Amino acid sequence: MSARINELFIYNSLSGQKEKFEPIHPNRVGMYVCGPTLYSEPHMGNMRTFINFDLIYRFLLKLGFQVKYVRNITDAGHITNSAGDDVDSIGKAARLEQVQSLEIVYKYNVKFQELQRIYNMLPPNIEPTATGHIQEQIEIIEQIIENGYAYVVNGSVYFDVKAYSSKFEYGILSGRKVDELAEETRTLNAQDEKRFFADFALWKKSNPEDMQIWRSPWGDGNPGWHIECTAMSTKYLGSHFDIHGGGLDLKFPHHEDEIAQNCGSLGCNPAKYWMHANMLNVNGQKMSKSLGNYFLPKEIVEGTTDVFEKSYTPNVLRFSMMQAHYRSTLDFTADSLNAAEKGFTRLTEAIEKMETLKTSETSSVNVNEIIESFYKAMNDDFNAPILLSKIFDAVKYINNINDGNATISKEDLEVLIFEINSFVGDVLGLKLEKTNSDSKLAPVMDLVLDIRKSARENKDWTTSDKIRDGLAAAGIVVKDGKEGSTWN
RNA sequence: GGUCUCAUGGCCGAGCGGCUAGGCACCGGUCUGCAAAACCGUCUACAUCAGUUCGAAUCUGAUUGAGACCUCCA
């Protein structure tokens with residue numbers, strides 16, 4: 001298994017190519033992912049990004065890497081000034097709800113933690129908060145000033161993109177050229193404090209209505225949007241670590257500015273591999289409240305959103321996400337989710353069946369090859385859709401064995417059970433819910449089905465159908481199989 | 001307006017020079033008192049027009065269409 005650790009390829013946004021993954025320290029991986037800003041409850045699109053990085057984390061663990069996974073919590077409002085408006089999203093929410101900023105942050109953090117549980121995400125090793133690292137942020141800003149890449153104006157500090165560009169390349173990640181940016185943004189005014197339009201705030205002087213204010217060498221104020229990630233990634237992973245991830249929409253300006261801050265303070269790009277997860281669409285369009293396709297991760301599970309007629313389990317939603325590659329957009333529609341629901345059921349039923357399979361002397365299929373294909377798929381830039389297609393090949397094989405049309409040896413079956421459970425459960429993060437687990441109902445159902453069985457044996461179809469229809473009305477579906485009837 | 005992606009069968013989605021994933025639906029079959037379920041099988045698509053090549057969904061150019069970013073964004 002350790003040989004497979006050397007076969008991983010990752011698409012690096014920095015180069016625009018798949019690159020062989022070579023960790024900075026052998027067998028160890030440092031990974032930083034931009035977490036949620038807690039001014040509202042994370043929506044389904046946010047969840048896709050976190051779930052995709054959860055998948056990446058899980059596969060790195062599966063390969064045997066020792067992973068340090070850091071995902072921040074933004075609990076200080078993003079303060080920017082690039083368009084002339086100061087925006088403190090958390091403060092805004094706090095004023096709206098007439099509570100303090102901390103209450104907003106606490107409230108939504110509790111919800112976010114709950115969602116992590118519901119969607120079966122592994123907790124990162126550290127979830128540092130921006131407000132807990134103000135001192136570190138100030139220190140980095142001081143370092144940038146000292147290096148000559150930032151300047152102080154009227155209690156605020158701005159990153160000096162022009163000075164920076166003399167030594168480093170601004171736009172290395174997003175492919176944006178400073179000159180091009182100039183053309184586009186020239187019309188924007190209200191840049192009175194900034195020397196250059198592309199300069200961005202590292203520290204903003206406080207406004208009278210600010211709820212959160214911190215002291216700094218430049219006076220009372222708030223940290224800029226991008227500096228928190230630089231501070232926390234550096235503190236917990238060092239100045240240069242392996243993977244930095246986030247949603248595609250963070251590529252510019254957030255990640256671009258992070259690189260600038262890191263280079264400007266410590267002289268190097270923080271991450272060797274930059275990874276970006278693509279967006280989730282709903283009914284063909286980006287989620288938006290005005291389009292009426294906006295819903296929360298909990299609403300779809302509880303069936304309380306108007307966007308979809310029925311509810312879907314977190315497993316089905318996660319399965320649906322795993323059927324698309326993390327770098328592709330994914331469209332949630334009623335059809336696609338219903339398809340995922342059925343597919344996931346077929347998968348779980350095969351996995352349950354797998355435990356009771358009869359073994360033979362030999363296997364009619366090369367099980368080793370199947371297992372290899374699992375690794376191969378994921379080693380190719382975490383291609384979960386291919387992994388699932390290979391797992392479904394195995395599902396077909398399992399069903400064929402079950403029907404007596406294929407064979408498997410005892411040793412092969414053991415390996416297959418182990419790896420399928422591992423890839424489905426540990427890597428894809430899908431929970432294998434046992435059916436018929438409702439403890440109080442189970443004995444009752446046994447009794448009812450036993451009565452129905454007698455009726456059927458006596459060809460008393462009136463009674464047997466009455467029971468079946470009655471149960472159906474109660475939402476219980478009876479299935480008559482070869483070896484008796486089952487329900488759920 | 002600028003930068004950049006993407007257009008795959010009824011739907012969702014992989015693939016990214018030859019071997020033409022997978023899920024769901026459809027259709028056919030097995031099973032079955034009937035039904036449902038389950039299982040098996042079938043189903044050859046790559047926006048358009050040119051070009052490169054022995055060979056293109058995959059490369060190049062043009063056209064059309066969709067989306068993202070440039071402002072907060074996962």
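Computed from a predicted structure; not experimentally measured. Below, chains carry the letters A, B, ... as their sequence lines are ordered, and counting in each starts from 1.
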- Counting any heavy atom closer than 4.0 Å, what does A/Ser174 reach on the DNA or RNA strands: base, sugar-phosphate only, or nothing? nothing

- Message: Could you tell me how far B/C16 sits from B/C11 if I compare only their P atoms? Round to whole Å.
- Response: 23 Å

- Query: B/G9 and B/U5: how far apart are their P atoms, nearest whole angstrom?
  - Reply: 23 Å

- Item | Which residues share a side chain to side chain contact (heavy atoms under 4.5 Å, CB included) with A/Thr356, sequence neighbours left out | none

- Task: Nearest whole angstrom, please: distance from the C1' of B/A74 to the OH of A/Tyr294.
- Result: 11 Å

- Taking CZ from A/Arg456 and C1' from B/A36, how many angstroms apart are they, rounded to a whole number? 11 Å

- Salt-bridged, A/Lys396 to A/Asp393, with N to O below 4.0 Å? no

- Note on the structure: Counting only Watson-Crick and G-U wobble pairs with both atom distances below 3.5 Å, the stems of 3 or more consecutive pairs that include RNA chain B are B:1-7 with B:64-70, B:10-12 with B:22-24, B:27-30 with B:38-41, B:47-51 with B:59-63

- Lys/Arg N to Asp/Glu carboxylate O, A/Arg58 vs A/Asp54, below 4.0 Å: yes

- Task: Could you give the distance separating B/C34 and B/A57 at their C1' atoms, to the nearest angstrom?
- Result: 47 Å

- Gap in Å between the two P atoms, one belonging to B/A35 and one to B/G28, rounded: 14 Å

- Query: Taking the same atom, P, in B/C49 and in B/G17, what whole-Å distance lies between them?
  - Reply: 24 Å

- Rounded off to whole Å, could you give me the CD-to-C1' distance for the A/Glu341 and B/C11 pair? 16 Å

- Euclidean distance, atom NZ of residue A/Lys459 to atom P of B/U32 [Å, nearest integer]: 12 Å

- Could you give the NE2-to-C1' distance, from A/His325 to B/C16, as a whole number of Å? 13 Å

- Query: Is the shortest side-chain N to carboxylate O distance from A/Glu41 to A/Lys298 below 4.0 Å?
  - Reply: no

- Task: Determine the contact category for A/Leu330: base if any of its heavy atoms lies under 4.0 Å from a base atom, sugar-phosphate if only primed atoms, P, OP1 or OP2 are that close, otherwise nothing.
- Result: sugar-phosphate

- Measure the distance from CZ on A/Phe9 to P on B/G15 and round it to the nearest whole Å. 15 Å

- Item | Separation of the C1' atoms in B/C12 and B/A25, to the nearest angstrom | 11 Å

- Query: Separation of A/Asp403 atom CG from B/G41 atom P, in whole Å?
  - Reply: 10 Å

- Write down the distance between OH (A/Tyr312) and C1' (B/C12), rounded to a whole number of angstrom. 12 Å

- Item | B/C54 to B/A47 separation - P atoms, rounded to the nearest Å | 24 Å

- Message: Would A/Arg176 pass as a cation-pi partner of A/Phe252, given that its NZ or CZ must be under 6.0 Å from the six-membered ring centre and within 45 degrees of the axis?
- Response: yes

- Query: Do the ring centers of A/Phe112 and A/Phe50 come within less than 6.0 Å of each other?
  - Reply: yes

- Task: Using the salt bridge (charged side-chain N to carboxylate O under 4.0 Å, His left out) rule, collect all pairs that involve residues 324-338 of chain A, keeping only residues at least two apart or in two chains.
- Result: A/Arg327-A/Asp381

Please enumerate all protein N or O atoms sitting under 3.5 Å from an N or O of nucleotides 67-69 of chain B, with distances to 0.1 Å.
residue	atom	partner	partner atom	Å
B/C69	OP1	A/Lys286	NZ	2.7
B/C69	O2'	A/Arg176	NH2	2.7

- Item | Salt-bridge criterion met for A/Glu193 and A/Lys205 (N-O under 4.0 Å) | no

- In whole Å, what separates the P atom of B/G23 from that of B/A38? 14 Å

- What does A/Asn402 touch in the nucleic acid at a heavy-atom separation under 4.0 angstrom: a base, only the sugar-phosphate, or nothing? nothing

- Can we say A/Lys390 and A/Glu369 salt-bridge, meaning some charged N sits less than 4.0 Å from an Asp/Glu carboxylate O? no

- Query: When you check every protein heavy atom under 4.0 Å of nucleotides 20-26 of chain B, what one-letter string (B, S, -) results, 5' to 3'?
  - Reply: -BBBSS-

- Task: May I ask you to say what A/Ala277 touches in the nucleic acid, namely base, sugar-phosphate or nothing, with a heavy-atom cut-off under 4.0 Å?
- Result: nothing

- Message: The criterion is ring-ring contact (aromatic ring centres under 6.0 Å, His included); which residues satisfy it with A/Tyr11, sequence neighbours excluded?
- Response: none

